[in-house]
**Student:** 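The structure that follows is given in the form of structure tokens.
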Amino acid sequence: MTELRALKIYNTLSGKKEEFHPITPGYIGMYVCGPTVYSDVHLGNCRTFCSFDTIYRHLLHSGYKVRYVRNITDVGHLTDEGEDRMAKGAKVAQLEPMEVAQRYTVGFHDMMRIFNTLPPSIEPRATGHILEQIEMVQQILDRGLAYLSNGSVYFDVPKFATENEGVYGSVSGRILEDLYTETRELKSQEEKRHPADFAIWMKARPQDLMIWNSPWSIGFPGWHLECSAMSTKYLGKTFDIHGGGNDLKFPHHENEVAQNHGACGCKPANYWVHTNMLLLNGKKMSKSDGNTISPTELFTGNSEHTSKAYSPMAVRFFMLQAHYRSTLDITDDGLMAAEKGFLKIMETNRILQSLPVDPRDFDGSETDTDRSILALIQDTFAGMDDDFNTAISIACLNELGSYVHKLVNQQLDASQISPWVLERMKTVFSTFIFDIFGLKDESDSVQDSGTIEGLMSLILDIRGQARDQKDWTTSDKIRDTLSAVGITLKDGKDGVSWAKL
RNA sequence: GGUUUCCUGGCCGAGUGGUUAGGCACAGCUCUGCAAAAGCUGCUACAGCGGUUCGAAUCCGUUGGAAACCUCCA
């Protein structure tokens with residue numbers, strides 16, 4: 001195993017960046033709350049999962065063996081009307097609940113693939129773990145931290161808070177006393193002893209479709225329970241990292257901690273990582289209030305919010321330019337700038353990878369330029385090691401890129417960069433762009449196409465002849481026409497190159 | 001109402017008690033048949049007001065503005 005660098009992670013529990021120490025050296029268990037599959041994913045969901053994908057990739061690249069668990073919520077999520085979301089979707093579409101879940105699960109996976117995220121190690125479904133959840137309810141009951149009320153089982157928050165001082169509220173910072181002031185009328189309020197209590201098993205009503213038998217009633221598990229049960233099953237009672245969007249801090253994550261404590265007597269995760277929201281028009285993007293833009297609308301340009309289409313990787317790069325803990329406001333200008341930045345860094349990488357490396361003279365001696373480059377490389381890693389600061393690492397790559405361009409333009413003598421340093425630059429560049437940031441070269445499919453390569457070489461040959469004869473009319477016509485179909489020509493010192501934008 | 005966070009140059013966005021973030025845009029120059037690309041240079045900011053400090057955009061207080069959570073949400 002490679003030597004592990006020091007890694008800092010911002011832990012919601014402490015409100016600080018902490019040095020990361022896994023429970024088992026070299027191994028990491030990470031659980032991330034996945035989507036509820038009752039409609040198409042929106043961009044906000046994508047940002048969270050792209051953020052955790054980058055985190056996952058960086059942990060992997062740092063040499064850890066990571067078990068990354070991300071669930072699919074396909075039951076138990078209540079709407080405002082107290083109706084199960086799967087069942088609601090089903091009634092509208094005249095489909096079986098599991099058919100709805102299946103359809104949107106497939107859609108979700110497609111989108112994750114488009115964003116080039118790595119699949120998690122395990123992707124458990126809530127409906128596949130009903131037994132585990134019933135078992136956990138029983139454990140909590142056995143410890144006297146839940147009570148039965150009219151066939152439903154409620155978690156006794158005040159009792160738990162009293163017996164485990166400082167635990168309830170450790171994620172969200174919420175104080176139990178504040179929860180008394182809640183005035184909201186809930187359907188099942190009268191069944192609860194305290195407003196902060198929450199259902200871990202719900203007795204079914206006649207309209208509920210997704211129901212299971214249990215020792216207490218025919219019903220279904222509470223929403224918060226699935227994550228507790230599945231994280232325990234696959235990662236153990238206490239694991240390393242628990243992640244999710246920061247809108248899940250309360251009540252979801254707070255209650256999750258309570259349930260795990262209630263069932264096992266210990267905390268579920270050492271580090272809680274929360275990603276911030278994607279904003280549209282300065283407001284949180286949200287399905288329920290309609291303030292959304294779908295990934296597809298973005299990719300096709302078919303949206304009132306954008307002036308053009310943006311490729312998936314341009315969007316991913318846009319996200320990478322901001323820190324995962326900051327809100328990110330999606331704007332046309334921002335996307336446009338990101339798109340250009342993305343194309344430029346990919347182009348820089350292509351140039352860098354094509355630079356010849358002198359195979360001799362790998363003696364390890366350093367020039368001043370070498371030292372500057374090596375320091376930059378170190379900063380690039382340091383950025384990601386400091387709470388996954390993608391923005392810093394990108395800035396460093398851009399600075400490294402400047403050396404590449406100077407070299408190509410012969411503003412920097414090739415002898416100033418030792419072969420082994422150039423080799424290292426190549427590795428670092430592609431490692432970050434492809435392996436850690438999860439970007440891919442979207443022009444690859446075009447560049448690699450033999451047909452187009454052949455055509456282009458013919459066209460450039462003809463244009464070259466025209467230029468030799470100073471026939472600028474023909475030369476410019478070719479360039480302009482190609483430009484119109486999205487191919488840009490560059491007349492460099494060493495011949496003509498082209499790129500599809 | 002309660003809890004928390006944020007306010008950076010034309011735009012997007014990092015960051016730290018004293019030193020250039022980076023990208024995009026813009027202007028000039030170099031290169032070029034002209035462009036493009038690339039390089040160089042310029043534009044150099046930290047909401048307002050107080051305080052702590054030798055020194056604060058960075059710490060504290062306060063005013064103003066925004067957001068998130070408190071209810072399903074990534």
Side-chain angles (χ1 to χ4, degrees), chain A residues 15 32-36 38 41-52 73 77-83 85 169 172-175 177-186 196 223 243-252 254 274-279 282-289 317-318 321-323 325-342 344-345 347-348 351 379 383 386 389-399 401-402 404-406 408-412 467 470-472 475-476 479-480 483 488-493 497-499:
Chain A
V32 173
C33 290
T36 304
Y38 66 97
V41 269
H42 71 169
L43 207 62
N45 298 289
C46 296
R47 150 108 120 151
T48 295
F49 301 128
C50 284
S51 293
F52 281 108
T73 297
H77 229 157
L78 300 180
T79 63
D80 281 350
E81 298 77 41
E83 193 178 15
R85 284 206 150 149
S172 66
R174 222 146 288 276
I175 297 162
E177 282 69 42
D178 294 340
L179 299 171
Y180 275 103
T181 60
E182 283 174 39
T183 53
R184 190 160 186 269
E185 289 285 324
L186 288 171
W223 170 42
N246 79 176
D247 53 350
L248 295 181
K249 278 184 191 168
F250 192 90
H252 185 56
E254 199 64 78
H274 288 99
T275 57
N276 217 134
M277 297 294 105
L278 195 60
L279 308 183
K283 293 266 171 62
K284 177 184 170 184
M285 210 179 267
S286 160
K287 277 188 245 193
S288 40
D289 60 22
F317 190 78
F318 171 71
Q321 284 186 310
H323 189 94
R325 278 191 288 113
S326 299
T327 53
L328 176 62
D329 203 345
I330 194 153
T331 60
D332 204 37
D333 288 346
L335 284 166
M336 233 182 283
E339 180 184 58
K340 293 209 174 152
F342 166 67
K344 184 173 152 183
I345 208 167
E347 175 67 8
T348 301
I351 295 169
D379 290 347
D386 185 13
N389 198 324
T390 48
I392 290 284
S393 296
I394 289 174
C396 292
L397 289 181
N398 277 318
E399 290 195 53
S402 144
V404 175
H405 294 128
K406 280 181 189 168
V408 171
N409 290 344
Q410 285 149 11
Q411 288 169 325
L412 180 67
R467 294 183 76 218
K470 300 206 187 298
D471 177 3
W472 309 127
S475 165
D476 289 352
R479 187 172 65 196
D480 294 345
S483 169
T488 310
L489 297 188
K490 298 170 198 166
D491 295 319
K493 283 198 174 80
S497 63
W498 62 278

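FYI, side chains are in, hydrogens and waters are out, and symmetry mates aren't considered; it's all heavy atoms of this structure. Naming: A, B, ... by sequence-line order, numbering from 1 per chain.
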**Student:** Could you measure between the two P atoms, the one in B:U20 and the one in B:U41, and give it in whole Å?
**Tutor:** 13 Å
**Student:** Nearest whole angstrom, please: distance from the P of B:G13 to the CG of A:Asn276.
**Tutor:** 12 Å
**Student:** Please give the distance between the P atoms of B:G33 and B:G23 as a whole number of Å.
**Tutor:** 29 Å
**Student:** Give one of base, sugar-phosphate or nothing for A:Lys284, where a contact means two heavy atoms less than 4.0 Å apart.
**Tutor:** base
**Student:** Can you find an N or O donor on one side and an acceptor on the other, under 3.5 Å apart, linking the side chain of A:Arg479 with the base of B:A36?
**Tutor:** no
**Student:** Measure the distance from CZ on A:Arg467 to P on B:A36 and round it to the nearest whole Å.
**Tutor:**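 My rounded result for the distance is 14 Å.
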**Student:** How many Å lie between CG on A:Asn398 and P on B:G22, as a whole number?
**Tutor:**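 Distance check: A:Asn398 CG to B:G22 P gives 9 Å.
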**Student:** My understanding is that a pair needs two contacts under 3.5 Å, Watson-Crick or G-U wobble. By that rule, which nucleotide pairs with B:U52?
**Tutor:**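 The base-pairing partner of B:U52, which may sit in any strand shown, does not exist here.
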**Student:** Rounded to the Å, how far apart are A:Lys340 NZ and B:C12 P?
**Tutor:**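 Value for this atom pair: 16 Å.
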**Student:** I'd like the P distance from B:A21 over to B:A45, given in whole Å.
**Tutor:** 10 Å
**Student:** How many Å lie between CD1 on A:Ile351 and C1' on B:G39, as a whole number?
**Tutor:** 12 Å
**Student:** Partner lookup for B:U3, please. Criteria are Watson-Crick or G-U wobble with both distances under 3.5 angstrom; report none if nothing qualifies.
**Tutor:**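 Its partner is B:A68.
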**Student:** So what does A:Gly383 hit on the nucleic acid, given a heavy-atom distance under 4.0 Å: a base, only sugar-phosphate, or nothing?
**Tutor:** nothing
